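To start, the structure itself, in structure tokens.
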Protein chains: 2
Amino acid sequence: MNRPTITDIARLLQLNPSTVSRALNNHPDVSPETRNRVQELAQELGYAPNQLAVNLRKRHSGLIALLVSEMNMFFNPSVFRAIEQEVYANGYHLIILQSNNTLIREKQNVQICRQLAVEGVLVSLASEAQELSHFAPLLDQKVPVVFFDRILPQNHSCSVTIDDVEITRLAVQHLADKGHRRIGGLFGDPNLTITRERFRGFKQVLQELDIPFEEKHIAFAQDSEQGSQQALKIMEQAPAITAFFTMSDELMVGAVQAIEQKRLRIPEEIAIIGISDGFAPEFYNPKITHIRHSGYEVGAEAARLLLGVIREEIKDPLHVQLECRLVELGSV
Amino acid sequence: MNRPTITDIARLLQLNPSTVSRALNNHPDVSPETRNRVQELAQELGYAPNQLAVNLRKRHSGLIALLVSEMNMFFNPSVFRAIEQEVYANGYHLIILQSNNTLIREKQNVQICRQLAVEGVLVSLASEAQELSHFAPLLDQKVPVVFFDRILPQNHSCSVTIDDVEITRLAVQHLADKGHRRIGGLFGDPNLTITRERFRGFKQVLQELDIPFEEKHIAFAQDSEQGSQQALKIMEQAPAITAFFTMSDELMVGAVQAIEQKRLRIPEEIAIIGISDGFAPEFYNPKITHIRHSGYEVGAEAARLLLGVIREEIKDPLHVQLECRLVELGSV
DNA sequence: AAGGTTTGTGCAAACGTTTGCTGTGGAAAA
DNA sequence: TTTTCCACAGCAAACGTTTGCACAAACCTT
């Protein structure tokens, strides 16, 4: 009762395995009559090709790997869904590898990609990754790699990000439009491009607005918990601030927690604006005004780029920056 | 500049490929001296075994599939993280297949599992799945399957759920203890065991408490949006209710939205208690009292069971029910 | 010293496909 | 009728490993 193979079908039909193979793949070299006989029997036996053998023979795996730091709720599930859908629609399958933000796991994962002969890799870097040399084993083998979300500047592959400077400008400008001039800022891991860019944007806009930048108004934090602590610290060191800018959902949650702990009312006593790719802003009352970027679009675009590179339709490293929009809710 | 193979190493070292293979796998039949020579050269060449060939030869893929309805934020990412970690730690890799809650995709995904020769499958059913016959192709081939979270009663494989009746009892009992006797209930897809069980628990507890069950106090909803509408409807049809029970995070979000829309204060004017495996209860102010079950534990247990079945340590279908606890916050 | 055992290596088949090449019979062209 | 060509099917090698078996040499037994 084992799975039928091409050879089984060949034996039953007094044919050569090669003919059966061609028949199943609708190769023109096989007569319509035999093709039908083969396909009918295959159907009847519930034949499904042994993908393992196909893979070996064709020297590819049909797999695309997603290397990601971790599956937290703020790694927008829609990024994920978009990638899966795009990949699935093109006949590939997705395998997920988490780095837990460690470099060592990321290196291992690269090796795994190589061993499994994955045909493309989507990467959102671990925060420990300071450079990209550990991707060499893949690039050497000409395995297409697309970086997204958390990237590093010195990359020679495609990448998908959002225009971090612009997005931050949008947020801070909005605060300024509403009269805020003493603005606290909460930023993520300072090693990541995303953080550096948003921080740069923040300072740049302040300068344009003739608002002096003050160290004590800003802080860096790795997660929601730290974000909350840092927000508290800022409010204590600089009680005069009238608004917070947070560069991610995690930090938004942290900031709101700190604000509630301080028993300040939003937006009357303190305003908050953030950058969000999740549902967090909708959870609160009032809902948090934010710059929304579509996680779905990031995922979809990254997957599309990767597929383009795999099909050799895209030759040169493309760096896509997605646009975002201000969503005015009640927190400013 | 191609990847070196075992045959390359053999040629370079004037050995037979079989010896090289054994050397690399630390087979005792090979002398320490040759083993070292082989391993050193392998290291030097950056040899990595061609997993595709290994798979074919060993007739397994090292893959475990996760069949899931969709990657929404309420499919607790920690379930996911737990599964990935457990699977990874045991040398397997995870491939994700989404059904988008449709039966047709679920069937396709089962076929894909078969073709890829996955060694085990973790399933949280699509809501369209009313029975399990489409898993026959896997079960026929003795591919281990473990159902979790969204299951159906008539399954002969292992499953991991929580004790839905008990969990609901805990919640409703808590409301009753606080004096509530007119309780609204929001439930999910009535086709799913999880819903039926929780609904059964709900009615059962009401009966034990001598509270008459009223149709107009309860509703079923598929998502957060519908949940909100249904909650509104309940509050209009039965304005006397003093508390809501919600069986999932989605519905909790919906209910809170409805309550806020009605401008009722929690918990003074209306109480709410829910079952949660996510962060939703923590988002609100006051935080929502809930029964917490650990998504991480569900995922980890499901993965452990699956690995047990794969290793043939577990022979009979085990049905694990995880325990939960009441988290008293400010909404009751 | 004859026999037996151990140790290390090689040979070849197998896993299930795919594919370039060869070969056949018959139809079309000369 | 002979030649040319085409449609169709078979043969065999290949993808890179793993593994049962055979075998030689060296090592122990009596």
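Remember, predicted model here, so these are calculated numbers, not experimental data. Naming convention: chains lettered A, B, ... in sequence-line order (proteins, then strands); numbering from 1 in each chain.
B:N25 comes within 4.0 angstrom of sugar-phosphate atoms only, judged by non-hydrogen atoms across all strands, and of no base. Using a 4.0 Å heavy-atom cutoff across all strands shown, A:Q51 reaches no nucleic acid atom at all. Within 4.0 Å (heavy atoms only), B:E33 reaches no atom of the nucleic acid at all. B:T5 comes within contact range of the sugar-phosphate backbone alone, with a heavy-atom separation under 4.0 Å but no base atom that close. Among the atoms of the strands shown, base atoms are found under 4.0 Å from some heavy atom of B:D29.
Contact between the side-chain N/O atoms of A:T19 and the OP1/OP2 oxygens of D:dG10 is found at a separation under 4.0 Å. Residue B:S31 has no polar side-chain atom (N or O) positioned under 4.0 Å from OP1 or OP2 of C:dT7. OP1 or OP2 of C:dT17 sits under 4.0 Å from a side-chain N or O of A:Y47.
B:I6 has its CD1 atom 18 Å from the P atom of C:dA12, to the nearest Å. For the pair B:L13 CG and C:dG10 C1', the interatomic distance rounds to 15 Å; values are reported in whole Å. The distance from atom CG of B:L15 to atom C1' of C:dG10 is 10 Å, rounded to the nearest whole Å. For the pair B:N26 CG and D:dT19 P, the interatomic distance rounds to 14 Å; values are reported in whole Å. Protein atom CG of A:N50 is 6 Å distant from nucleotide atom P of C:dT17, rounded to whole Å. The separation between B:H60 atom NE2 and C:dA14 atom C1' is 16 Å, rounded to whole Å. One interatomic measurement links the two molecules: NE2 of A:H27 to C1' of D:dG10, which rounds to 13 Å at whole-angstrom precision. Following rounding to the nearest Å, B:K58 (NZ) and D:dT17 (C1') show an atom-to-atom distance of 9 Å.
If you find the closest nucleotide of DNA chain D to B:S18 and to B:L56, the one lying nearer the 5' end belongs to B:L56.
Ion pairing of B:E106 with B:R150 is absent here, as no side-chain N (NZ or NE/NH1/NH2) approaches a carboxylate O to less than 4.0 Å. Between B:E301 and B:R304, at least one side-chain nitrogen of the basic residue sits less than 4.0 Å from a carboxylate oxygen of the acidic one, meeting the salt-bridge criterion.
Other residues, nucleotides and ligands place no more than 12 heavy atoms under 6.0 Å from the CD atom of B:E312. The number of heavy atoms from other shown groups lying within 6.0 Å of CG (B:L45) is above 12.
Side-chain proximity of A:R22 to the nucleotides D:dG10, C:dT17, D:dA9 is greatest for D:dG10. Nearest nucleotide to the side chain of A:N16, out of D:dA12, D:dC8, C:dT9: D:dA12. The side chain of B:R59 lies closest to C:dC15 when the candidates are D:dG10, D:dA14, C:dC15. The side chain of A:R57 lies closest to C:dT17 when the candidates are C:dG10, C:dT17, D:dG10.
Atom CG of A:L152 sits about 7.5 Å away from atom CG of A:L192, to the nearest 0.5 Å.
No donor-acceptor pair closer than 3.5 Å links the side chain of A:N25 to the backbone N or O of A:H27.
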